Amino acid sequence: MQVLKSGWHIHTTCDLETQVFAEVLMQSADKFSYFPTLQTAVVGIEPATSAVRFLVGGRDYSKSQFNRATQAQRSPGKDVVAARKEMPQ
């Protein structure tokens with residue numbers, strides 16, 4: 001692939017440790033949920049810079065390859081409002 005051989009550097013705002021934690025949490029969510037078949041997504045954004053720190057598009061990629069974080073056509077709704085109220089100002 002030309003990008004790999006060109007000497008380009010790709011920079012990301014993703015925090016690998018938090019990304020792995022979010023993935024494990026999402027995979028184990030069925031153990032703590034009343035709705036074990038319900039799919040969900042989570043995105044962590046740093047408010048000061050709008051940097052995406054982690055992004056998980058569903059519970060189990062082997063069961064569904066649809067990425068709910070980037071492909072869903074729904075508004076995030078009340079969850080974003082509730083989370084925003086909890087953020088320090």
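Since we're looking at a predicted model, the values are computed, not measured.
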Q | S64 (side chain) donor-acceptor with Y61 (main chain) under 3.5 angstrom | A | no
Q: Inspect the surroundings of CD in Q65 and state if more than 12 heavy atoms from other residues, nucleotides or ligands are less than 6.0 Å away.
A: yes
(Q) Other residues, nucleotides and ligands only: do more than 12 of their heavy atoms fall within 6.0 Å of CZ on F21? (A) no
Q | Contacts of E46 that satisfy salt bridge (Lys or Arg N to Asp or Glu O under 4.0 Å) - sequence neighbours left out | A | R53
Q: Compute whether any side-chain donor of one residue and acceptor of the other, for Q19 and E23, lie under 3.5 angstrom apart.
A: yes
Q | Over all atoms of both residues, closest heavy-atom pair of A41 and A69 | A | CB-N, 3.6 Å
Q) With ILVMFWY side chains joined below 4.5 Å, transitively, what does M26's cluster contain besides itself? A) V42, F54, V56
Q.
Just to verify, what does T70 make a side-chain contact (heavy atoms from CB on, under 4.5 Å) with, not counting sequence neighbours?
A. L55, N67
